[in-house]
Amino acid sequence: MVFKSLRGVEDLLPPESEKFEKVVKTFKEAVEKAGFREVILPIFEEAGLFARSVGETTDIVQKEMYVFEDKGGRQVALRPEGTASAVRAYIQHGIYAKEPFTKWFYVGPMFRFERPQAGRRRQFFQAGCEVFGLSQPGADAEVIGVAASILESLSVEFNLEVNSIGCEKCRPRYREALLEFLKLRVEELCPDCKGRLERNPLRVLDCKVETCKEVVSEAPVITDYLCDECRVHFQKVKEYLSLLGVGFKVNPRLVRGLDYYTRTVFEFKSEKLGAQSTVLAGGRYDRLVSQLGGPETPALGFAMGIDRVMLLLPQVEEEREGVFVVTAGEEAYRKGLELIAFLRSKGIKAQIDHRQGSFKSQMKAADRVRAKFVVIIGEEELKGDFLSLKDLDTGKQEKISGLEELLARL
RNA sequence: GUGGGAGUAGCUCAGUUGGUGGAGCGCCGGGUUGUGGCCCCGGCGGUCGCGGGUUCAAGUCCCGUCUCCCACCCCA
């Protein structure tokens with residue numbers, strides 16, 4: 001019996017693992033500069049937390065969540081996203097009473113039971129940010145700006161779309177208007193959308209079926225239905241974004257799949273990703289903290305799909321680095337062992353070939369691990385009390401008298 | 001959950017009407033008594049995804065199943 005990783009669950013081996021770390025590192029540097037601090041949150045939670053925050057009727061909760069009963073009889077879920085846990089932690093630890101506003105970030109695996117596809121795995125990785133306690137439009141613009149800076153640092157090209165989906169005051173009005181419009185043209189909608197009409201008519205705006213798109217293109221848009229406060233808020237967000245030099249497009253048909261969003265929503269998309277084109281997305285969720293039992297607290301955030309970003313990173317050729325020690329015979333090998341320990345203590349990457357094969361095979365190994373230099377210790381070197389140093393880029397080789405000189409040459 | 005395509009060496013793939021499974025790359029060794037990349041030669045390496053069926057005989061035909069890829073759906 002040979003074991004394989006489960007469907008949609010992948011190992012990240014070098015160099016993919018290094019790509020992963022690069023994305024995480026870039027993300028952290030960008031958000032830490034903006035004052036975000038890391039929270040390390042549990043990978044599983046009480047299942048009810050996600051039902052209440054993400055939405056009872058969403059596919060994530062109804063079909064895609066890994067739910068199981070633990071040995072204490074609790075209904076437990078592997079987290080399908082990060083915001084619910086962050087909000088839970090924010091409330092649980094009374095953070096609202098300790099800080100005027102809070103900026104958190106998190107990185108880690110998420111789980112959804114879906115059919116695997118390009119850019120979609122059952123275990124996938126997100127890096128996300130959350131801001132609590134700020135209702136001002138400047139916060140929206142800043143968060144979107146931070147998100148843009150992450151992708152820019154990674155040289156990932158994107159299109160940014162923003163929209164406002166209003167608040168609980170104005171959204172119902174729009175919902176009514178949309179519903180009224182769609183009902184007149186029900187027979188033109190796809191079967192899926194006919195179902196959405198009942199559950200969540202806003203999602204019809206998202207449909208990819210051509211006939212639905214045509215209907216939607218004539219449908220009323222939410223931006224015409226915003227209440228005064230939401231309209232002013234959205235206007236300010238757009239102004240500040242321009243001020244910050246963040247390029248964006250207003251997409252009045254942009255909606256989000258999670259129930260907790262209010263007002264500002266945004267999506268960073270790439271054209272190079274196939275069907276799963278969203279690389280980073282988020283929005284404001286002013287009602288969520290109170291919905292989960294905390295005090296009225298405005299909040300917003302976003303999550304980035306690390307796996308999807310990785311697909312967009314340009315391939316870079318590995319540069320040669322460090323030293324590879326080639327030896328002949330036991331005595332030379334012993335000197336080699338001492339040498340790599342010495343070099344490492346000086347902060348230099350150093351390796352040796354323990355197999356003690358031919359010079360040729362050791363040289364091959366040095367090339368294979370992309371070493372920059374080879375230090376040769378053989379009979380001649382032992383006899384003459386020197387080291388040979390070969391530069392694998394230039395192919396030039398020279399005699400080195402001692403460790404001091406070696407360090408100076410590296 | 002639905003639909004299409006695909007599983008043969010570590011990787012990428014070829015394999016004729018069913019008749020003892022190949023190449024390239026990689027790895028190891030040699031050509032070079034102590035020198036990588038290029039070239040030449042040799043070697044290691046296979047339950048042909050798994051299970052069943054048809055057949056004298058199955059990588060090849062049939063059924064089932066698992067996995068991968070792509071799309072729907074969903075979403076970061």
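Worth saying up front: this structure is predicted, and the values here are computed from it rather than measured. By convention in this document, chain letters (A, B, ...) are assigned in the order of the sequence lines, proteins followed by strands, and residues within each chain are numbered from 1.
The closest side-chain donor-acceptor pair between Gln291(A) and Arg287(A), if any, does not fall under 3.5 angstrom. Of the N and O atoms on the side chains of Glu188(A) and Thr211(A), not one donor lies less than 3.5 Å from an acceptor on the other residue.
Taking atom P on both nucleotides, U55(B) is separated from C62(B) by 16 Å, rounded to a whole Å. The gap from the C1' atom of G7(B) to that of U60(B) amounts to 14 Å, rounded to the nearest Å. Taking atom P in both G59(B) and G52(B), one finds a spacing of 14 Å when rounded to whole Å.
Of the candidates U35(B), A76(B), C74(B), the closest approach to any side-chain atom of Met363(A) belongs to U35(B). Nearest to the side chain of Lys390(A), among G36(B), C68(B), G34(B), sits G36(B). With C75(B), G36(B), C72(B) as the choices, the nucleotide that has an atom nearest any side-chain atom of Arg203(A) turns out to be C75(B). Distance from the side chain of Arg368(A) is smallest to G26(B) among C69(B), U35(B), G26(B). Comparing A76(B), C75(B), U35(B) by their nearest atom to the side chain of Arg256(A) picks out A76(B). Looking at the side chain of Ala275(A), the nearest of the listed nucleotides C73(B), A76(B), A71(B) is A71(B). For Ala118(A), the listed nucleotide lying nearest its side chain is C70(B); candidates were C70(B), A76(B), G37(B). Set against U35(B), A76(B), C75(B), the side chain of Gln276(A) has C75(B) as its closest nucleotide. Closest to the side chain of Leu392(A), out of G36(B), C74(B), C68(B), is G36(B).
Between Met363(A) and Val374(A) the shortest side-chain heavy-atom distance falls below 4.5 Å.
The partner of U60(B), taking Watson-Crick or G-U wobble pairs whose two distances both stay under 3.5 Å, does not exist in any strand shown. For G42(B), the paired base is C28(B) (Watson-Crick or G-U wobble, both distances below 3.5 Å). Across all strands shown, C13(B) forms a Watson-Crick or G-U wobble pair with G22(B), both key distances being under 3.5 Å.
Using a 4.0 Å cut-off between charged nitrogen and carboxylate oxygen, Lys335(A) and Glu330(A) do not count as a salt-bridge pair. Taking 4.0 Å as the cut-off between side-chain N and carboxylate O, Lys63(A) and Glu114(A) do not count as a salt-bridged pair.
Between the side chain of Gln362(A) and the base of U35(B), no donor-acceptor pair of N or O atoms lies under 3.5 Å. Contact of Lys360(A) with G31(B) (side chain to base): a donor-acceptor pair of N or O atoms is detected under 3.5 Å. Judged by atom type and distance alone, Gln117(A) reaches the base of C73(B) through a side-chain donor-acceptor pair under 3.5 Å. With hydrogens and angles ignored, no donor-acceptor pair under 3.5 angstrom links the side chain of Gln397(A) to the base of G34(B).
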Under 3.5 Å between N/O atoms: give me all the protein pairs with nucleotides 1-6 of chain B, atom names plus distance.
residue: U2(B); atom: O4; partner: Arg115(A); partner atom: NH1; Å: 2.9
residue: G3(B); atom: O6; partner: Arg115(A); partner atom: NH2; Å: 3.2

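Across all strands shown, Gly274(A) has heavy atoms under 4.0 Å from sugar-phosphate atoms exclusively, and none from any base.
Remark: Arg122(A) fails to qualify as a cation-pi partner of Phe111(A) under the 6.0 Å distance and 45° angle criteria applied to the six-membered ring.
Contacts between residues 33-60 of chain A and RNA chain B, counted as heavy-atom distances below 4.0 Å, involve Asp59(A), Ile60(A).
Within 6.0 Å of NZ in Lys238(A) there are more than 12 heavy atoms belonging to other residues, nucleotides or ligands.
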